[in-house]
A.B. asks: 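Questions regarding the structure given below will be posed in turn.
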Amino acid sequence: MNDKRFRDGSEIARPANKMMKKEEGRLVRVDRVPMRWGEMDALGHMNNVSYFRYFEQARISWFDSLKIDYSPDSEGPILGTITCKFVRPAIYPADLEITTYVGKAGRSSFMMFHEMVLAGDPATLYAEAWAAMVWIGIGDGKSRPLPEWMLAHLIPTSASST
């Protein structure tokens, strides 16, 4: 098919130096949460949107632990992009374990990796997600260099950029 509205999937491949692997990151958080019954969809498994909500909560919980201030005159991270690989459907009831890893720092960005597994059974992988976080001025929304205190929580790098 030559219709440009449809893709063959080749552009979905992992871009070089953009998405991190779990092994490339530093574990910063593990959350254990029960799946909610209301998250099931018509097919009887967790709705795809819910995976993103669990990953979001893991990120926000880590940012809260760092005491990041989101007032208009401060700076902080926002989600630049996120990609999720759905591996196996989660079916209620299930206790979920969400791990969060951070990667190398760029000038004003850093990568995060999340993994969702069945709690107590890490071989039961439900999903993996890659997120690019951008450090911004909250009031103006413009990117800012990562502050030294934040760099201390990330993987050091010698030649990264946004």
Side-chain angles (χ1 to χ4, degrees), residues 7 9-36 38-41 45-90 94 96-117 119 125-157 159-162:
R7 307 285 186 233
S10 61
E11 72 280 356
I12 300 172
R14 180 179 185 255
N17 300 323
K18 291 293 180 186
M19 286 196 240
M20 66 179 272
K21 298 176 187 172
K22 174 171 122 175
E23 298 78 19
E24 297 168 343
R26 172 183 294 156
L27 178 66
V28 294
R29 187 169 187 88
V30 178
D31 293 286
R32 186 176 179 150
V33 292
M35 180 182 165
R36 295 179 294 255
E39 292 175 322
M40 290 187 299
D41 62 16
H45 54 74
M46 187 163 60
N47 185 285
N48 291 3
V49 171
S50 295
Y51 291 80
F52 289 97
R53 288 182 179 143
Y54 283 110
F55 296 141
E56 174 187 58
Q57 187 57 55
R59 285 191 308 276
I60 296 303
S61 294
W62 184 58
F63 298 150
D64 286 349
S65 76
L66 297 176
K67 309 242 185 288
I68 291 178
D69 175 17
Y70 282 98
S71 62
D73 60 341
S74 66
E75 298 179 353
I78 62 165
L79 183 64
T81 187
I82 188 166
T83 300
C84 185
K85 177 182 176 186
F86 301 99
V87 178
R88 171 182 296 147
L96 308 172
E97 187 172 280
I98 293 83
T99 54
T100 302
Y101 299 80
V102 294
K104 292 181 180 178
R107 184 189 73 79
S108 61
S109 65
F110 61 95
M111 293 298 296
M112 296 186 86
F113 175 84
H114 299 286
E115 190 174 60
M116 180 187 293
V117 301
L125 175 64
Y126 295 123
E128 298 173 319
W130 299 266
M133 304 305 298
V134 180
W135 197 264
I136 65 162
I138 302 301
D140 65 11
K142 294 182 181 177
S143 71
R144 301 272 195 277
L146 287 162
E148 290 297 321
W149 70 265
M150 186 64 188
L151 289 169
H153 293 284
L154 305 172
I155 305 286
T157 186
S160 288
S161 61
T162 306

A.B. asks: Nearest heavy-atom pair of V49 and N47: which atoms, and what distance?
C.D. replies: N-OD1, 2.9 Å
A.B. asks: To the nearest 0.5 Å, tell me how far L125 CG sits from K85 NZ.
C.D. replies: 8.0 Å
A.B. asks: Can you see which heavy atom on G25 is nearest to which on I155, and at what distance?
C.D. replies: C-CD1, 4.1 Å
A.B. asks: Looking at Y126 and Y51, would you say the former's side chain and the latter's main chain have a donor-acceptor pair under 3.5 Å?
C.D. replies: no
A.B. asks: Give the ring-plane orientation class for H153 versus W62, where under 30° counts as parallel, over 60° as perpendicular and anything between as tilted.
C.D. replies: perpendicular
A.B. asks: Spell out, as yes or no, whether a donor-acceptor pair under 3.5 Å connects the side chain of S143 to the backbone of S108.
C.D. replies: no
A.B. asks: Do L96 and M46 have side chains that get closer than 4.5 Å, going by heavy atoms?
C.D. replies: yes
A.B. asks: Looking only at heavy atoms, which two atoms of S109 and L146 are closest? And how far apart?
C.D. replies: O-CD1, 3.4 Å
A.B. asks: What's the separation between atom CZ in R59 and atom OH in Y54, rounded to the nearest 0.5 Å?
C.D. replies: 14.5 Å
A.B. asks: Quick one: CZ on R88 to CE on M116, what's the gap to the nearest 0.5 Å?
C.D. replies: 13.5 Å
A.B. asks: Measuring from I68:CD1 to M150:CE, what's the distance to the nearest 0.5 Å?
C.D. replies: 5.0 Å
A.B. asks: Can a donor-acceptor pair be found, under 3.5 Å and without considering hydrogens, that links the side chain of W130 to the backbone of M111?
C.D. replies: no
A.B. asks: Could you report the tightest heavy-atom contact between D140 and K142, atom names first, then the distance?
C.D. replies: OD1-N, 2.9 Å
A.B. asks: Working to the nearest 0.5 Å, report the span between CE of M112 and OG1 of T100.
C.D. replies: 5.5 Å
A.B. asks: Report the distance from atom CG of L66 to atom OG of S61, rounding to the nearest 0.5 Å.
C.D. replies: 11.0 Å
A.B. asks: Identify the two heavy atoms, one from D69 and one from I138, that lie closest to each other, and give their separation to 0.1 Å.
C.D. replies: O-CG1, 4.5 Å
A.B. asks: Considering all heavy atoms of both residues, which atom of G80 and which atom of V134 are nearest to each other, and what is their separation?
C.D. replies: CA-CG2, 4.2 Å
A.B. asks: Got F113 and K21 here, is their nearest side-chain heavy-atom distance under 4.5 Å?
C.D. replies: no
A.B. asks: Are the side chains of L79 and M133 in contact, using a 4.5 Å heavy-atom criterion?
C.D. replies: yes
A.B. asks: Spell out, as yes or no, whether a donor-acceptor pair under 3.5 Å connects the side chain of Y70 to the backbone of P77.
C.D. replies: yes
